[in-house]
Amino acid sequence: MYERAEELIVAGYGRRAIASELGISAYTARKWVHAYQRFGVLGLVPVTANTKYPFELKLAAVQCFLGGDSKPEILDKFQIRSPAALDRWVRTFRATGEESLKRTRGRPPASTAEETVERKVLRLEMENAALKKWQALVAEEQRRD
């Protein structure tokens, strides 16, 4: 289907004609046309995994956006496939600064052994305090009976 989409785009068909010919929505056809214009044939190849952009690229893209460059210019300049990614970077940058661009999704990196021991000690202290309170409540209840 992507080969046929490329043929239609190269032939100069509009998004509605492409959508009609391929049996897809006009919105999808528009996305494909823009992706083809920006990335060529590679823009039509479906992305199978999330693209991870380095911190420096994110920061430079955000600074360009805040400097007045348009989204399409920035997406082309830095080869960013998703306008939503740029929107998210700008939003988080404005909210919490450039450090937020360093954060990644998913589970945080494994903690050091020292942190693990500290967490275990804290958990055991909390557990011990809870047991002492429970024992005090049980003893109070037995005294009342």
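Nothing fancy with the numbering, it's 1 onward along the sequence. Note that the structure is a prediction, hence the values are computed from the model and not measured. Computed over heavy atoms, backbone and side chain alike; hydrogens, waters and symmetry mates excluded.
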Engineer: In the structure I gave you, are the side-chain heavy atoms of Phe93 and Leu59 within less than 4.5 Å of one another anywhere?
Structural biologist: yes

Engineer: Restricting to side-chain contact (heavy atoms from CB on, under 4.5 Å), what partner residues turn up for Glu7, sequence neighbours left out?
Structural biologist: Arg4

Engineer: To the nearest 0.5 Å, tell me how far Ile80 CD1 sits from Lys71 NZ.
Structural biologist: 11.5 Å

Engineer: Is there a path of hydrophobic side-chain contacts, each under 4.5 Å between heavy atoms of I, L, V, M, F, W or Y residues, that connects Val33 with Val10?
Structural biologist: yes

Engineer: What distance do Arg91 atom CZ and Leu86 atom CG have between them, rounded to the nearest 0.5 Å?
Structural biologist: 10.5 Å

Engineer: Kindly check if the number of other-residue, nucleotide or ligand heavy atoms within 6.0 Å of OH (Tyr13) is above 12?
Structural biologist: no

Engineer: Could you grab the distance from atom CZ of Arg30 to atom OG of Ser25, nearest 0.5 Å is fine?
Structural biologist: 9.5 Å

Engineer: Supply the atom-to-atom distance Leu57 CG to Lys77 NZ, rounded to the nearest 0.5 angstrom.
Structural biologist: 10.0 Å

Engineer: How about Leu22 and Leu8: do any of their side-chain heavy atoms sit closer than 4.5 Å?
Structural biologist: yes

Engineer: Atom CD in Glu127, atom NZ in Lys120: separation rounded to 0.5 Å?
Structural biologist: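 The distance works out to 10.5 Å.
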
Engineer: Can you check whether Arg81 reaches Tyr53 side chain to side chain, under 4.5 Å on heavy atoms?
Structural biologist: yes

Engineer: Do you know the tightest heavy-atom contact between Leu75 and Ser82?
Structural biologist: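 Closest heavy-atom pair between Leu75 and Ser82: CD2-O, 4.1 Å.
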
Engineer: Before accepting this row, confirm whether a basic side-chain N of the pair Arg144/Glu141 lies closer than 4.0 Å to the acidic partner's carboxylate O.
Structural biologist: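 The answer is no: the pair does not qualify as a salt bridge.
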
Engineer: For the residue pair Lys102 and Phe55, would you count it as a cation-pi contact if the rule is NZ or CZ under 6.0 angstrom from the ring centre and within 45 degrees of the ring axis?
Structural biologist: yes

Engineer: Can a donor-acceptor pair be found, under 3.5 Å and without considering hydrogens, that links the side chain of Thr28 to the backbone of Ile24?
Structural biologist: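 Pair absent, no side-chain N/O of Thr28 close to backbone of Ile24.
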
Engineer: Judged by atom type as modelled, is there a donor-acceptor pair below 3.5 Å linking the side chain of Thr92 to the main-chain atoms of Ser100?
Structural biologist: no

Engineer: What distance separates Ile74 CD1 from Leu66 CG, expressed to the nearest 0.5 Å?
Structural biologist: 8.5 Å

Engineer: Checking Asp76 now: which residues fulfil side chain to side chain donor-acceptor pair (under 3.5 Å) with it, not counting sequence neighbours?
Structural biologist: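 Scan of Asp76 (side chain to side chain donor-acceptor pair (under 3.5 Å), adjacent residues dropped) gives none.
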
Engineer: Given the side-chain rings of Trp89 and Phe65, with only the six-membered ring counted for Trp, is the space between their centroids under 6.0 Å?
Structural biologist: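 So the answer is no for these two rings.
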
Engineer: Counting only N and O atoms by type, is there a donor-acceptor contact under 3.5 Å from the side chain of Ser20 to the main-chain atoms of Arg16?
Structural biologist: no

